[in-house]
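What follows is a set of notes on a single structure, which appears directly below.
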Amino acid sequence: MLYAILCYAHEETVFAWSKEEEDAVMARLIEVQTPYAQAGKLGPVGRLMPTTAATTVRKGKDEPLVLDGPFAETKEVLLGFYTLEVEALEEAVSFAKKLSAVNPGSSSYEIRPFYVFHPGEFKHSETKT
Amino acid sequence: MTDIAWVELALTAARPQALGALLRYFRDLDTAEEAFQEACLRAIKTWPDKGPPRDPTAWLIFVGRNSGIDVVRKRSKNDPLPEEEAFSDLSDAEGDMAERLDNSHYRDDILRLMFICCHPDLPATQQIALALRIVSGLSVAQIARAFLVGDSAMEQRITRAKARVAKAGVPFETPGPAERAERLGIVSAMIYLVFNEGYSAGITNPDSAAFCDEAIRLGRLLLRIFPAEPEIMGLLALMLLQHSRAKTRIDTNGQIVLLEDQDRSRWDSKLINEALALLDKAIRHRKPGPYQVQAAISALHARAPTPKDTDWKEITMLYGLLERIQPSPVVTLNKAVAVSKLEGPEAALDMIAPLAEKLDGYFYFHGVKGGLMMQAGRRPEAREAFDRAIALANSAAECAHIRQQIDKLGAVTPPAV
């Protein structure tokens with residue numbers, strides 16, 4: 001089964017991290033991911049830019065409306081995602097628990113099974129964090 | 001990160017919104033600050049054990065408001081109890097706790113908190129200090145270090161600035177659209193002041209360099225509450241782009257490194273990408289403003305893999321646009337630099353000649369003039385301009401940079417008599 005693991009957090013808090021705190025968290029997260037990547041279980045991992053960089057297209061009366069900002073204005077926002085290929089939910093849960101343990105900024109990880117629509121590879125993968 | 005460090009970060013993040021709401025309730029900055037402080041103390045006591053509440057900001061507002069009410073009542077023990085109307089929104093506190101905070105109030109709460117720091121009577125440095133103290137919650141000691149003054153001097157400065165703000169009266173009525181737009185403009189300028197203080201003083205003082213991060217945080221906050229304002233997108237993009245070069249614009253000896261000499265591979269691509277995304281969003285609105293145009297210029301530098309790939313034609317065009325929206329001799333000076341890349345130094349020198357009087361006391365004018373004169377092979381005039389620049393330099397780094405230019409110029413032969 002393929003799972004998308006979606007990381008939610010309080011954006012203000014995460015963006016208040018200093019560079020050192022940020023680097024320390026990232027290092028710990030990578031440590032958790034590495035064995036999964038080596039086992040060929042880890043698909044694309046993304047970190048989303050702040051919601052201020054988001055644009056939402058919403059169905060309009062005639063043509064779709066293009067609005068500034070994220071889809072949902074909640075206190076906790078989607079901050080990033082992992083894609084993981086594992087036999088069963090249990091392993092995805094254990095992965096998410098490990099991520100959660102090393103990431104003080106996240107408050108929830110949503111685990112959502114998904115189908116591959118297009119495996120894709122980016123031609124210009126310049127948008128790295 | 002320890003639990004306490006985590007709680008402190010959450011408190012910092014919640015501060016503008018929680019303090020802004022408490023200011024609305026109590027209509028007095030000192031009471032609001034005390035109430036927030038009390039709520040923070042309780043958070044530090046309870047959150048590490050119980051875990052942070054689901055909505056830390058709502059928690060802080062609720063707890064802060066209760067403690068503030070106690071304080072106000074105690075203070076006026078001998079006076080009759082204040083009328084309920086003395087505090088706004090006191091009814092149904094439980095309901096308020098559950099109230100979603102992204103209601104119409106909260107963006108005006110945050111804007112008001114930022115706006116009171118921008119009182120026109122306050123000089124720029126006081127606006128910066130006040131905003132960092134009140135909105136960002138930096139300690140007086142942190143701010144004092146950044147401004148290279150003692151703690152007590154800074155404490156006094158902030159106290160005086162607060163008294164000034166209190167005397168002026170805090171505008172509590174909900175602003176109308178025109179007023180809100182005006183406040184946004186003033187607050188944007190203040191945020192950019194904070195950024196520039198960090199940008200210029202940060203060269204020699206790491207305590208000031210942190211202001212850049214803080215200004216970016218405030219910019220993100222402002223844009224989050226006013227998500228469809230292209231000028232705030234522009235402001236944030238501009239700060240991100242300038243900050244993306246923080247590591248490369250000063251060398252290990254503390255010397256200024258010009259844009260064209262910077263190691264572009266060390267520019268922070270994460271910040272650049274966020275800025276480019278914001279700029280794309282802003283441009284869709286087709287309402288250009290000074291921050292957007294400056295960010296667009298900065299983005300053209302960010303997009304050029306090497307200095308010779310820079311699109312000077314587009315940059316010249318954008319400076320022309322900026323001249324029309326916000327005419328200033330400094331903008332014309334910058335445009336002249338772009339023109340020099342396309343048409344050579346003499347064309348640029350012609351453009352800046354009429355600015356000489358207005359910009360005579362401006363370091364950068366003489367630095368640019370000297371550089372252009374040098375390119376044009378007019379060495380004595382270059383030397384003269386550089387000497388003038390040194391006399392006007394604002395920092396040792398600026399001074400050293402001009403000295404390097406003079407070294408490049410070599411020994412100047414005196415003009416033949």
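Values reported hereafter were calculated over all heavy atoms of this structure, with side chains retained and with hydrogens, waters and symmetry mates removed. Order of the sequence lines sets the chain letters (A, B, ...), proteins ahead of strands, with each chain counted from 1.
- When all heavy atoms of Asp68(A) and Pro227(B) are compared, the closest pair comes out as CB-O, 3.1 Å.
- In this structure, chain A has a heavy atom under 4.5 Å from the side chain of Leu278(B), while its backbone stays farther away.
- Within a 6.0 Å radius of CD in Glu110(A), more than 12 heavy atoms belonging to other residues, nucleotides or ligands are found.
- Side chain of Lys281(B) to main chain of Thr55(A): no donor-acceptor pair is present (N/O by atom type, distance under 3.5 Å, no hydrogens or angles).
- Within a 6.0 Å radius of CZ in Phe71(A), other residues, nucleotides and ligands contribute 12 heavy atoms or fewer.
- The contact between Ala53(A) and chain B is made by backbone and side chain atoms together, counting heavy-atom distances below 4.5 Å.
- To the nearest 0.5 Å, atom CG of residue Leu276(B) and atom CE of residue Met49(A) are 8.0 Å apart.
- In this structure, Asp55(B) CG and His10(A) NE2 are separated by 6.5 Å, a value rounded to the nearest 0.5 Å.
- Between Glu12(A) and Arg220(B), none of the side-chain N atoms (NZ, or NE/NH1/NH2) sits under 4.0 Å from a carboxylate O, so this pair counts as no salt bridge.
- Closest approach of Thr52(A) and Leu223(B) over heavy atoms only: CB-CD2, 3.5 Å.
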